[in-house]
Amino acid sequence: MNKAELCQKVAEQSGLTKKEAAKVVNITFNTIMDALAEGERVHLVGFGSFEVKERASRQGRDFQTGQPTTVPPSKGVQFKAGSILKDAVK
């Protein structure tokens with residue numbers, strides 16, 4: 001399912017127009033992104049939680065030369081599925 005299909009399903013189930021449903025979906029995604037950008041954890045009971053994890057600097061290897069190199073620290077988003085979502089997928 002892509003974003004357009006998601007908006008279509010939201011429109012069908014809510015009685016909104018496709019345009020209104022797309023606006024709701026975009027606002028939802030933007031709100032989650034804004035919260036994560038501010039370092040907040042987003043927990044949607046039963047569905048799952050999103051949080052930003054920091055990765056420490058580590059030793060790596062340059063694949064072309066084989067020489068050791070330092071990989072700089074970075075941030076990534078982690079998602080953990082909730083119990084209702086896990087049960088629905090089983």
Side-chain angles (χ1 to χ4, degrees):
M1 175 181 290
N2 62 31
K3 191 173 177 182
E5 293 167 340
L6 175 63
C7 293
Q8 176 65 35
K9 290 282 189 185
V10 170
E12 290 171 3
Q13 293 182 14
S14 66
L16 298 172
T17 65
K18 288 182 189 179
K19 190 173 182 179
E20 291 169 333
K23 187 173 182 180
V24 169
V25 169
N26 286 330
I27 289 170
T28 303
F29 289 163
N30 288 336
T31 302
I32 292 171
M33 285 189 289
D34 291 345
L36 291 171
E38 292 174 9
E40 295 179 44
R41 182 173 182 250
V42 178
H43 182 73
L44 307 171
V45 176
F47 182 74
S49 60
F50 299 88
E51 75 180 298
V52 176
K53 290 288 190 173
E54 293 193 28
R55 295 184 196 104
S57 176
R58 64 186 195 281
Q59 198 66 18
R61 184 166 304 279
D62 184 330
F63 293 112
Q64 292 179 339
T65 65
Q67 296 297 316
T69 184
T70 302
V71 178
S74 63
K75 292 182 182 183
V77 176
Q78 180 181 28
F79 175 76
K80 285 188 180 179
S83 60
I84 295 172
L85 178 59
K86 287 179 184 177
D87 290 343
V89 172
K90 285 185 181 179

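No hydrogens, no waters, no symmetry mates; every other heavy atom, side chains included, goes into these values. All residue numbers in this chain count up from 1 along the given sequence. Model, not experiment: these values are computed from the prediction.
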Under 4.5 Å between side-chain heavy atoms, chaining through other members, with only Ile, Leu, Val, Met, Phe, Trp and Tyr counted: pull out the rest of the cluster around Val24, sorted by chain and number. Leu16
Extract all donor-acceptor atom pairs below 3.5 Å that involve side chains of residues 69-90 and protein atoms in other chains or at least two apart in sequence.
unit_1: Ser74; atom_1: OG; unit_2: Arg55; atom_2: NH1; d: 3.4

Side-chain donor-acceptor contacts of residues 32-40 below 3.5 Å, not counting sequence neighbours, with atom names and distances?
none

Determine which pairs satisfy ring-ring contact (aromatic ring centres under 6.0 Å, His included) with at least one residue from residues 19-42, sequence neighbours left out, and list them in order. none
I need the full list of ring-ring contact (aromatic ring centres under 6.0 Å, His included) pairs touching residues 52-78, with sequence neighbours left out, sorted by first then second residue.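 Qualifying pairs: none.
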Validation: residues 43-51 side-chain donor-acceptor distances under 3.5 Å, sequence neighbours left out:
unit_1: Ser49; atom_1: OG; unit_2: Arg41; atom_2: NH2; d: 3.3

Could you list the residues that satisfy side chain to side chain donor-acceptor pair (under 3.5 Å) with Lys9, not counting sequence neighbours?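 Listed in chain order: nothing, the list is empty.
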Determine, using the 4.5 Å side-chain heavy-atom cutoff (strictly less than), whether Val25 and Met1 are members of one ILVMFWY cluster. yes
Sort and list the pairs that fulfil side chain to side chain donor-acceptor pair (under 3.5 Å) and have at least one residue in residues 13-22, not counting sequence neighbours.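 Applying side chain to side chain donor-acceptor pair (under 3.5 Å) to every pair that reaches into residues 13-22, excluding sequence neighbours, yields Gln8-Lys18, Thr17-Glu20.
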